[in-house]
*Asks:* 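Pasting in a structure now, in structure tokens, and then I'll have a few things to ask.
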Amino acid sequence: MKNLLILGAGTAGTMMANHLRKKLPREAWRLAVVDQYPKHYYQPGFLFMPFGLYSEADVVKPKKKFIPRGVDYVEAKVDRVDADRNQVLLASGEALNYDVLIIATGAKTAPDQTDGMTGQDWRKRVFDFYTFEGAAALNKALRDWKGGRLVVHISEMPIKCPVAPLEFAFLADWWLAKQGLREKTELVYVTPLPGAFTKPICSKVLGYMLEEKRIRVVTDFNIGRVDNDKHKIISWDEKEVPYDLLVTVPTNMGDAAIERSGLGDELNFIPTEPNTLQSKAHKNIFVIGDATDVPASKAGSVAHFEAEVLTKNILHFINGEALERDFDGHANCFIESGYGKAFLLDFNYNLQPVQGTYPLPGIGPFSLLKESRINHWGKLSFRWIYWNVLLKALPMPGIGHRMSRIGKQIPAEILQAEATA
Ligand SMILES: Cc1cc2nc3c(=O)[nH]c(=O)nc-3n(C[C@H](O)[C@H](O)[C@H](O)COP(=O)(O)OP(=O)(O)OC[C@H]3O[C@@H](n4cnc5c(N)ncnc54)[C@H](O)[C@@H]3O)c2cc1C
């Protein structure tokens, strides 16, 4: 028997367990997944919790429910990977051997990376919504909100779901208006980027949206510290933004086990070949989801597309065949914009989000880089699809892992730049 070990039973690890159990012969391959926690969180739902739109029941289910029969679930903390010995060492001291290793340990918030962030204002005036506890605590704080200066802030890139802070700002504008508190609240959006988003065309559209909603934007803000006494965030170059309520996205990092294993970069993300998802350092280690350093979005949709490519590549690797360079960085992101509407982005490593229709050219039903009600229903239906289709690695007809250019209105200047490149 050979051993295939998956570290992490979150979005990506669970999908890989489901894909591979169907493909690998049971008499030849033992499959196991290791995760430290029993609860699976639907993280996109954390966005809705502060506004009372989702509760615990919507976002939490037992991890084991999604691990298929024939895969061992090991509830344990990984201490480190010893890649030279093909072994994973658990915090208990136990060692697990592997022939092939898939690392899917994700990314997590690290508020302790910013001076003062976890000071006396933490979870009193300073909140995050990237964790279940943070989103639940913020829900309580918003229920007591009477008005003032509400600052939505990103510490540094990359972060999971880079559009989520924008969605938070748009939803806050809508929710405050509904509570009769919008005129009493100054909404400020503070980002380390030069604009609303990383990709230029999209950044322009979303920047306009922020302006229309009277959300003041502070760009190029690289946080140095949080001043808990004066309730201010202060940048390295001494710019100051005061807050009554700070909703921050702390630095996102890979797990400390990656650092202990000597496998990560300075943020503990693992150098990964961007098209095959093989670790750059070890041929029998593959990486998927937020744990990689590939320049794709850190999103569940990306993990879903990656999982299809990685499944093929694991089989190629086991059979001694060349890997397919088939992952193109494809990402789908709905952006909830308030008032029952949303945007949809569809892009990859080479093409930034542009307008068009998705998934059917000319038909949609979703419109790209435009607000619509159908997009909002798409965003809400993602939760059902996540629990019932994506995690179980069931096929999604019409939605391929490679991004299609058909149905997209690609501006002439992009086509020209591509032609001359
Ligand atoms: C607020 C928010 C909104 C989002 N919105 C969207 C969205 O709208 N659309 C979208 O596609 N994506 C969205 N995402 C991103 C999406 O949730 C993640 O990209 C996705 O969950 C990544 O999957 P993963 O398997 O890589 O990591 P995770 O799902 O985080 O899983 C990692 C797993 O590894 C385990 N682990 C880590 N270290 C260890 C260790 N040392 N020992 C044992 N186990 C360990 C963890 O316990 C965890 O279960 C959002 C995320 C957030 C936070």
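Just so you know, these numbers come straight off a predicted model, no measurement behind them. One-based numbering, in listed order, for ligands and for the atoms of each.
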*Asks:* Once you round to the nearest 0.5 Å, how far does CG of L4 lie from CD1 of I318?
*Replies:* 6.0 Å

*Asks:* May I ask you to check if ligand 1 and T11 share an N or O to N or O distance below 3.5 Å?
*Replies:* yes

*Asks:* Are W122 and F127, when compared by the centres of their aromatic rings, separated by less than 6.0 Å?
*Replies:* no

*Asks:* Atoms of ligand 1 less than 4.0 Å from A299 heavy atoms?
*Replies:* 10 (C), 11 (O), 12 (N), 15 (C), 19 (O)

*Asks:* So is A303 close enough to ligand 1, meaning a heavy atom under 4.0 angstrom away?
*Replies:*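 Heavy atoms of A303 never come under 4.0 Å of ligand 1.
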
*Asks:* Would you confirm whether the ring centroid of F168 sits within less than 6.0 angstrom of the ring centroid of F46?
*Replies:*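 No: the rings miss the under 6.0 Å criterion.
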
*Asks:* Residue-level breakdown please: for K63 versus ligand 1, do any non-hydrogen atoms fall below 4.0 Å on the side chain, on the backbone, on both, or on neither?
*Replies:* side chain

*Asks:* Check each heavy atom of K298 against ligand 1 and say whether those closer than 4.0 Å belong to the side chain, the backbone, both or neither.
*Replies:* backbone

*Asks:* Is the Y386-H40 ring centre distance short of 6.0 angstrom?
*Replies:*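 They qualify: ring centres under 6.0 Å apart.
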
*Asks:* Is it the case that more than 12 heavy atoms not belonging to R85 sit under 6.0 Å from its CZ atom?
*Replies:*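 Count not over threshold, so no.
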
*Asks:* Would you please name every residue forming a ring-ring contact (aromatic ring centres under 6.0 Å, His included) with F317, sequence neighbours left out?
*Replies:* F286

*Asks:* Need the ligand 1 atom indices (1-based, order shown) with element for anything under 4.0 Å from a heavy-atom of G289.
*Replies:*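 Answer, ordered by atom number: 26 (O).
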
*Asks:* Residues in side-chain hydrogen bond (donor to acceptor under 3.5 Å, both in side chains) with R143, at least two apart?
*Replies:* N139

*Asks:* Quick check on contacts: which atoms of ligand 1 are under 4.0 angstrom from a heavy atom of G10?
*Replies:* 25 (O), 29 (O), 31 (O), 33 (C), 49 (O)

*Asks:* Under 4.0 Å from ligand 1, counting heavy atoms only, is it the side chain of A76, its backbone, both or neither?
*Replies:* backbone

*Asks:* Starting from atom 22 (C) of ligand 1, what is the nearest protein heavy atom, named by residue and atom, and what distance separates them?
*Replies:*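 Looking only at protein heavy atoms, the one closest to atom 22 (C) of ligand 1 is D290 OD2, 3.1 Å.
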
*Asks:* Are F334 and F366 near enough that their ring centres are under 6.0 Å apart?
*Replies:*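 They qualify: ring centres under 6.0 Å apart.
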
*Asks:* Only heavy atoms of G8, strictly under 4.0 Å: list the atoms of ligand 1 that pass.
*Replies:*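 With G8 as reference, the close atoms of ligand 1 come out as 33 (C), 34 (O), 35 (C).
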
*Asks:* Checking a contact table here: which protein heavy atom is nearest atom 2 (C) of ligand 1, and how many Å away?
*Replies:* Q43 O, 3.5 Å

*Asks:* Please could you name the atoms of ligand 1 that G300 approaches to less than 4.0 Å, counting only its heavy atoms?
*Replies:*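 What qualifies from ligand 1 is 10 (C), 11 (O), 12 (N), 15 (C), 16 (C), 18 (C), 19 (O).
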
*Asks:* For K370, does the NZ atom have more than 12 heavy-atom neighbours from other residues, nucleotides or ligands under 6.0 Å away?
*Replies:* no

*Asks:* Applying a 4.0 Å heavy-atom criterion (strictly less than), which segment of A12 is in contact with ligand 1: side chain, backbone, both, or neither?
*Replies:* both

*Asks:* Out of all atoms in ligand 1, which are within 4.0 Å of some heavy atom of Y130? Include the element for each.
*Replies:*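 Atoms satisfying the 4.0 Å criterion: 1 (C), 53 (C).
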
*Asks:* Out of all atoms in ligand 1, which are within 4.0 Å of some heavy atom of K379? Include the element for each.
*Replies:* 8 (O)

*Asks:* Taking only heavy atoms of Y37 into account, list the atoms of ligand 1 that are under 4.0 Å away from them.
*Replies:*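 Per the distance check, 47 (O).
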
*Asks:* May I ask which of D35, V302, V78, V163 has a heavy atom nearer to atom 49 (O) of ligand 1 than the others do?
*Replies:* D35

*Asks:* Would the F327 and Y349 ring centres measure less than 6.0 Å apart?
*Replies:*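 Distance test on ring centres: under 6.0 Å, yes.
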
